[in-house]
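This report refers to the structure that appears directly beneath it.
Within every chain, numbering begins at 1; the chains are lettered A, B, ... in the order of the sequence lines, protein sequences first and strands thereafter.
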Amino acid sequence: MAEPKENVLMEKIVSLCKRRGFVFQSSEIYGGINGFWDYGPLGAELKRNVKELWWNSMSRFRDDVVGLEATIIMAPQIWRASGHVDTFSDPMCDCLLTKKRFRADQIEPQSGVVYSYKGAKDSAAAKESGDGFSVLLAPGKPPESARKTAVQFYQSRGLQTVELIGETTEKVENTTRFNPENGAQLTDPRPFNLMLQTYVGPIQSDENIAYLRPETAQAIFAQFKNVHETSRQKVPFGIAQVGKAFRNEVTPRNFTFRSREFEQMELEFFIKPDEAVEAIHGSVAVPTGPGHPGEPQPNWGWQMWHQYWVEERVRFYEGIGLSRATLGFHIQTPEELAHYARATTDILFKFPFSKVDEQGEVKGDELEGIAARSDFDLSQHERHSGKAMGVFDEDLRTAWGKLAPEKQAELSQRYYNARLKYLTKTGVPEEKAKAEAKEDADGLAKGQYIPHVIEPSAGVDRLILALLANAFTETTSTDEKGKSEVRTVMKFHPRVAPVKVGVFPLLKNKPELVAKAKEVFQLLRGHVLAFYDETGAIGRRYARQDEAGTPFGVTIDFDTLGEKPELLNTVTVRHRDDGAQERIPISELLGWLLARVK
RNA sequence: GCGGGCGUAGCUCAAUGGUAGAGCGCCGGUCUUCCAAACCGGCUACGAGGGUUCGAUUCCCUUCGCCCGCUCCA
């Protein structure tokens, strides 16, 4: 149950986003379109800053990660290989009585007697319903309970005193057409396809169906071979991508949190299977405790890499102003994990709309998931495309030859078991699976394997929303006349703040001040995003920049012009969060700012 | 998708079956020596479509959007 107070906070944030130009509803002049949002001038800058910081820290400033920019529409086979075509189209049924929704494939088969009705009438009100309805009567229950359920159904259709018409009964076994909780009839299964679909080419035929990608990651797997061959990278290395993804969400909710068009920042970091690490280094390093494990080491197994990326990502969030206290973590339980995933840690942010649990704690909602996905993805694409996705590892081949035969046999067996498990789970017939797993295990001995992957996958728009919620601060101040007013300050970290500095002449009607201020503005623009404002009183201009989240204000006054000779060519720099001011020479201003916004 | 609530200016809200009003904001002006000053002038709205009516922002229907719950959570 969301607290009303928190809804109010969320409404204030949404309102400020519109008022100041962070986020607008898409297509607003036409009444909007559910699940789509636009970024206004400030939002566009904010988003650009976030994506650039991610790209820099995840790729440009690392030796072991390269970038990719793939298309949104790809060969539809990719989504069959990834499993999205199947898992994104679960047939759903609704209970005709309670409207509860079920996944058709998850309904327990039941047996019993079906009581069917052609309709019902209400003589008193002279009303009649011709809608058929059936109830499954579980063994051992009196027929009256089935009739009662049917009466409830017709009452929900507007009849008061229900007389059931045309009762028939039939014994059935293993049916999934009734609600297991109350026996009421379900609607026919209706497919729910959550991928947005289009046609490639002008003919709208089934052969031309293509999908707008529901995640950016698959392109990385599909282009793995090309990137590996052209980037001169060796495993372990990663491929980063930022881009739009699309999902036909059942219920877009919570402002931009769950949208139908959204942007992701994804890294697929490819690592050696543990068997290869062990063959090369004799043992596999595993985490010894919580916290960042330090610089990557060649003997790391998947668990070390997974922990490493979780901690790297937390550092990133801390670096843009989201402290650990504002974040939450969710380690997926074995039941929640996809069958191919070995571990997934979600990084959550405590949004104003996040639910409070039984202990009164706010857990938060997901910003990013860091998944250890084994070699599932590349294996799937290998099987579906028929193209080999393995890599050859010189170090592994050399090391393998030096291993004791028992060790070789042990590692070979482990790798065989892992491959067999994958192949069997994906439906490969047993004999064929065994043969292929044997082939894979033999390949390992020759230095070949399909890389495993650690996937930190973050939602840009969710992060923007987190930054907006985190920055939003209201203070009530009362002036000497007793008039109180609420002031809003967006306390963005200077690194992500859309505008870095406001430049103001103290007064507009003094040409010398205006000229000097414009000079300072020209000095800064191009290096940092600066905003010049000369209208209204200085306090008003500060307040406007506070709402935009501009961390610094520079004011040109008479001292800048030399009224006090010792202050000639210095300016007032005003800090957004506490209003503190300091005097800085114009010659040092740009360096001073750059040091704080980079 | 289901149920409930809501939709009036950029924002917050008001009024009315008979041509919509305030505060804030925004723009321009006078003024102004550091935190939304004052004054003057200006701008902007009944979500959309249909129906009832002489006349609808108001009543009815449909639709779109927003919020809450359920569901979904791939």
Side-chain angles (χ1 to χ4, degrees), chain A residues 1-4 6-8 10-12 14-21 24-37 40 79 82-90 92-103 106 156 187 190 192-195 214-215 245 247-255 257-258 336 338 346 353 355 365-366 369 475 477 479-481 483 485-489 502 504-510 513 534-547 553-561 563 571-576 578-581 583:
Chain A
M1 201 63 76
E3 298 290 324
E6 288 163 344
N7 296 335
V8 170
M10 205 53 218
E11 276 166 29
K12 283 179 177 171
V14 174
S15 165
L16 176 123
C17 279
K18 178 165 189 196
R19 180 155 38 93
R20 284 292 162 185
F24 304 128
Q25 193 176 17
S26 169
S27 321
E28 194 193 67
I29 60 167
Y30 290 101
I33 174 166
N34 193 345
F36 297 87
W37 301 91
W79 307 111
S82 70
H84 285 88
V85 170
D86 295 330
T87 58
F88 266 52
S89 54
D90 305 319
M92 307 293 293
C93 306
D94 297 320
C95 173
L96 284 172
L97 187 61
T98 63
K99 306 295 182 197
K100 185 169 173 171
R101 173 161 294 158
F102 297 90
R103 264 177 68 170
Q106 287 183 351
S156 74
T187 60
R190 287 174 290 200
F192 257 57
N193 200 317
L194 298 166
M195 277 200 288
E215 62 172 36
R247 297 183 191 182
N248 239 333
E249 295 287 351
V250 179
T251 315
R253 275 289 160 91
N254 292 325
F255 197 29
F257 184 80
R258 176 170 292 153
E336 291 173 310
D346 293 331
F353 53 76
K355 305 261 193 298
D365 287 280
E366 186 183 338
T475 52
S477 59
D479 63 17
E480 55 275 14
K481 292 175 207 138
K483 197 178 115 191
E485 64 172 10
V486 178
R487 297 183 56 142
T488 306
V489 183
F504 320 114
L506 184 60
L507 299 172
K508 184 169 71 164
N509 62 351
K510 295 286 186 285
L513 288 178
E534 61 179 27
T535 62
I538 190 70
R540 171 176 293 262
R541 283 176 269 163
Y542 287 149
R544 283 201 278 242
Q545 291 306 310
D546 286 346
E547 269 199 352
V554 167
T555 304
I556 285 73
D557 60 15
F558 293 96
D559 291 334
T560 311
L561 303 176
E563 195 164 271
V571 292
T572 302
V573 175
R574 179 252 188 195
H575 294 251
R576 173 196 63 202
D578 56 8
Q581 300 194 346
R583 203 78 198 175

With sequence neighbours excluded, what pairs up with A:R19 under the side-chain hydrogen bond (donor to acceptor under 3.5 Å, both in side chains) test? A:E547
Nearest-0.5 Å distance that lies between atom OG1 in A:T475 and atom CZ in A:R487: 6.5 Å
Rounded distance (Å) that lies between atom P of B:C72 and atom CG of A:N254: 17 Å
A:D557/A:K510 salt bridge by N-O under 4.0 Å criterion: no
Do any side-chain nitrogens or oxygens of A:R487 fall under 4.0 Å of OP1 or OP2 in B:A36? yes
Would you compute the distance between atom OG of A:S15 and atom CZ of A:R20 and round it to the nearest 0.5 angstrom? 11.0 Å
Please name the pair of heavy atoms, one in A:G35 and one in A:P252, separated by the smallest distance, quoted to 0.1 Å. CA-CB, 3.6 Å
Taking only residues two or more places apart in sequence, or in another chain, which ones meet A:E249 in a side-chain hydrogen bond (donor to acceptor under 3.5 Å, both in side chains)? none
Suppose you measure atom P in B:G5 against the same atom in B:C61; what distance do you get, rounded to whole Å? 12 Å
With sequence neighbours left out, what residues match A:E336 under side-chain hydrogen bond (donor to acceptor under 3.5 Å, both in side chains)? A:H330, A:T333
Heavy-atom nearest nucleotide on RNA chain B for A:P252 versus A:R258: which residue maps closer to 5'? A:P252
Pairs under 3.5 Å (Watson-Crick or G-U), crossing ones as [ ], inter-strand ones as |: RNA chain B comes out as (((((((..((((....[..))))((((((.......))))))...(((((..]....))))))))))))....
For atom P, what is the distance between B:G49 and B:G29, given to the nearest Å? 38 Å
Pairwise C1' distance for B:C13 and B:A20, with rounding to whole Å: 14 Å
Does A:E249 get its side chain close enough to the base of B:A74, under 3.5 Å, for a donor-acceptor pair? yes
Would you tabulate the nitrogen or oxygen pairs shorter than 3.5 Å linking the protein to nucleotides 26-33 of chain B?
unit_1: B:C26; atom_1: OP1; unit_2: A:R544; atom_2: NH1; d: 2.8
unit_1: B:C26; atom_1: OP2; unit_2: A:R540; atom_2: NH1; d: 2.7
unit_1: B:U32; atom_1: OP2; unit_2: A:N509; atom_2: ND2; d: 3.3
unit_1: B:U32; atom_1: O4; unit_2: A:K508; atom_2: N; d: 3.4
unit_1: B:U32; atom_1: O4; unit_2: A:N509; atom_2: N; d: 3.3

Please report the interatomic distance CE(A:M195) to CD(A:E215), rounded to the nearest 0.5 Å. 10.0 Å
Using whole Å, what does the distance between atom C1' of nucleotide B:C70 and atom NZ of A:K355 come to? 11 Å
Tell me every residue that passes side-chain contact (heavy atoms from CB on, under 4.5 Å) with A:N248, counting only those two or more places apart in sequence or in another chain. A:L196, A:R260
Inspect the contact between A:E28 and A:K18 and indicate whether a charged nitrogen and a carboxylate oxygen are less than 4.0 angstrom apart. yes
Please give, in whole Å, the distance from B:C73 P to A:M195 CE? 15 Å
Sequence neighbours excluded, the answer for side-chain contact (heavy atoms from CB on, under 4.5 Å) partners of A:R253 is A:T251
The side chain of A:N34 is closest to which nucleotide in this list: B:C66, B:A74, B:C35? B:C66
Using the C1' atom on both, measure B:G41 against B:A56 and round to a whole Å. 34 Å
B:G51 versus B:G17 - spacing of their C1' atoms, nearest Å: 15 Å
Where protein sits on nucleotides 40-49 of chain B, one letter per nucleotide: B base, S sugar-phosphate only, - none, heavy atoms under 4.0 Å: ----------
Rounded to the nearest angstrom, tell me the gap between atom CG in A:L194 and atom C1' in B:U71. 13 Å
Round to a whole Å and report the spacing from CZ of A:F257 to C1' of B:C67. 17 Å
Could you tell me whether the side chain of A:Y542 has a donor or acceptor atom within less than 3.5 Å of a complementary atom in the base of B:C34? yes
Whole-Å gap separating C1' (B:C73) and CD (A:E215): 15 Å
If I pick the C1' atom on B:A9 and the same atom on B:U44, what distance separates them, to the nearest angstrom? 5 Å
How far does the C1' atom of B:U63 sit from the matching atom of B:G69, given to the nearest Å? 23 Å
Can A:R574 and A:D546 be counted as an ion pair, charged N to O under 4.0 angstrom? yes
Taking atom P of B:A36 as reference, at what distance in whole Å does atom CZ of A:R576 sit? 18 Å
What N/O pairs connect the protein and nucleotides 9-11 of chain B at under 3.5 Å? Give each pair on its own line.
unit_1: B:C11; atom_1: OP1; unit_2: A:K18; atom_2: NZ; d: 3.0
unit_1: B:C11; atom_1: O3'; unit_2: A:S15; atom_2: OG; d: 3.3

Taking the same atom, P, in B:C31 and in B:U12, what whole-Å distance lies between them? 36 Å
How many angstroms lie between atom CD of A:E11 and atom CZ of A:F255, to the nearest 0.5 angstrom? 11.5 Å
Counterpart residues, side-chain contact (heavy atoms from CB on, under 4.5 Å), relative to A:K12 (two or more places apart): A:V8, A:F472, A:E474
Of all residues at least two apart in sequence or in a different chain, which pass the side-chain hydrogen bond (donor to acceptor under 3.5 Å, both in side chains) check with A:R544? A:D533, A:T535
Between C1' on B:A74 and CG on A:D346, what's the gap in Å once rounded to a whole number? 14 Å
Relative to the 5' end of RNA chain B, which residue comes earlier, A:D546 or A:W37, by the nucleotide with the nearest heavy atom? A:D546
Scan A:E547 against the nucleic acid and name what it touches under 4.0 Å (heavy atoms): base, sugar-phosphate only, or nothing. base
Give one of base, sugar-phosphate or nothing for A:F24, where a contact means two heavy atoms less than 4.0 Å apart. nothing
By side-chain contact (heavy atoms from CB on, under 4.5 Å), A:S27 pairs with (sequence neighbours left out) A:I33
